[in-house]
Amino acid sequence: MANFYTDNPDLKLHLQHPLMRKIVALKERDFADAAKFDYAPVDFDDAMDNYYRVLDIVGELCGTTIADNAEGVDHEGPSVANGRVTYASGTQENLEACRKAGLMGMAMPRRFGGLNFPITPYIMAADIVSRADTGFENLWGLQDCAETLYEFGSEDQRERFIPRVCAGETMSMDLTEPDAGSDLQAVMLKATEQPDGSYLLNGVKRFITNGDADIHLVLARSEDGTKDGRGLSMFIYDKRQGGVNVRRIENKLGIKGSPTCELVYKNAKAELCGSRRLGLIKYVMALMNGARLGIAAQSVGVSELAFREAEAYAKDRKQFGKAIIEFPAVREILAVMKAKLDASRCLLYETARYVDLYKAYEDIARERSLTPEERQEMKLYNKLADACTPLAKGLSSEYCNQNAYDCIQIHGGSGFMKDYACERLYRDARITSIYEGTTQLQVVAAIRHLFTGTYLQLIEQCAAMPVCDCLAPQKAMLDKMTETYKEVVAKVHEINEPAYTDFMARHLVEIAGNVFMGYLLVTDASRNAASDDAEVKAAAESLAKSARVYCNLAQAEVARHSTFINTVTPADMASYQA
């Protein structure tokens, strides 16, 4: 029986990172919940054992039920009638299985019915679910909206809504509109306050994932006469109240099991979440950061599936009297696919750990005042998470698309047919570099961290870590790439022309990402090279192979981008204009 957790020791390697001890200590508050809940851990080892057990359940459910249903869901898809969505039969089975397994509300506190998991093992579950069915992860993963409700909602709202999510009700975030996609400041859905303090919502939302969900977080214009983000607030809409209908489901290229809806609000009763006017400025930014980390996990899960499908086919397919995996050209493609997958996963979990740490401190601050040292740590990890999130989402989604492309290439003509999973995963992969902010918007979010030195801080932090002898050559390569990175950042900064900086931003961000992911591969492999756990040690050896391949790839990419930066002047930009 397939189990998508136990068949992938790379996950266990990342879950055993040294920072997990600190994360668990902060999350569990000295394990105080053990006196109140019989399923709460009593110490660190017990907490880790809980994560292993739940991930094992996720892996088994994904390796059988969800993966088995994926093709049927892709063909059947959801339907809409009388303003309501009906999921594909396989999707309904998947959701019911997740509810019965207690896999909803994983990161929510136990007092609301959740498992109180840190972000890292929750994101690991998202990675696994995405490998089984990318579209289903969109439905299951939207339970993450409860994190925003928990952070910014009132205690009354938490007590009314979060237990419902933990019991299995679904969520959506209703942000975009026909004329407000990436530019959310243009949102015009109208929120009108009523005498009892509630609001009525009127207007249209478009491209809403899981738009017929039970509980919605809605971005709407609450301030008359405004046209920018300062007039927007966040609202909670409960489907039980009525007033929202699904006009249609988009006919999409991929992720067909996930209904992407156009919604019509007609006097839909809703309640304010948090404070007025902070909907976009504060709450949606937090919501989007969580969503972007989820898409990074989704991208890694698809990359995992793409690599496995390609490798399995290459071992089975015979040409000219031997399996095609024996041909150097095919082996090279597979090695690069695995290197991109491993690099993406290293960055994903590095980011998740930073998110865990700063969110744990934020949560503690709701209960008591932080010490100066704790507040300083919270600011540090918040900055690192803010820098890594767009990098993880942007680069992992691009690698996901490249791996899906190469998976079909290895399948040849067969990959173009619906007989193999690679055709579906190729279609599913394409959206990852578009939704929750395109790759270009991730570059915009990342660029400031180039010039404030955050990425250099992360790179130098990795460079200071011990490296095993077998990866010393790769460490030397990365050290040289770091010097190149410093030089090109200094050059663009010295020119100090905003248009030129924006023009070079993608090249700079990709250099930073290549170098940082190379260091993460080298340090993660080195840290686990002498592990007492045979599975983790084997995973570290595999990671070391990917580090060698990826550093060669990164060296070529850094040279390409740096050559472009050193060659193209501000005057040359005119040639790139339409």
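Heavy atoms only: backbone and side chains are in, while hydrogens, waters and symmetry mates are out. All residue numbers refer to positions in the sequence shown, counting from 1.
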Any donor and acceptor pair, going by atom type alone, linking the side chain of N403 with main-chain N or O of M337 inside 3.5 Å?
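Pair found, side chain donor or acceptor close to backbone of M337.
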Donor-acceptor pair, D386 side chain versus N382 backbone, under 3.5 Å?
no
So which atom in [X] and which in [Y] form the shortest heavy-atom distance, rounded to 0.1 Å?
{"X": "G168", "Y": "R99", "value": "O-NE, 2.9 Å"}
{"X": "C145", "Y": "L217", "value": "O-CD1, 3.6 Å"}
{"X": "A97", "Y": "L61", "value": "CB-CD1, 3.5 Å"}
{"X": "I410", "Y": "I324", "value": "O-CD1, 3.8 Å"}
{"X": "A547", "Y": "L521", "value": "CB-CB, 3.9 Å"}
{"X": "T389", "Y": "N289", "value": "CG2-O, 3.7 Å"}

So for atom [atom1], which belongs to [X], do other residues, nucleotides or ligands contribute more than 12 heavy atoms lying within a distance under 6.0 Å?
{"X": "Y5", "atom1": "OH", "value": "yes"}
{"X": "F503", "atom1": "CZ", "value": "yes"}
{"X": "K545", "atom1": "NZ", "value": "no"}
{"X": "Q409", "atom1": "CD", "value": "no"}

Determine, for [X] against [Y], whether the closest basic-nitrogen to carboxylate-oxygen distance falls under 4.0 angstrom.
{"X": "R292", "Y": "E436", "result": "no"}
{"X": "E177", "Y": "K205", "result": "yes"}
{"X": "E557", "Y": "R560", "result": "yes"}
{"X": "R131", "Y": "E309", "result": "no"}
{"X": "D133", "Y": "K256", "result": "no"}
{"X": "D342", "Y": "K338", "result": "yes"}
{"X": "D238", "Y": "R164", "result": "yes"}

Member of K282, M234, E147 meeting the side chain to side chain contact (heavy atoms under 4.5 Å, CB included) criterion with F152
K282
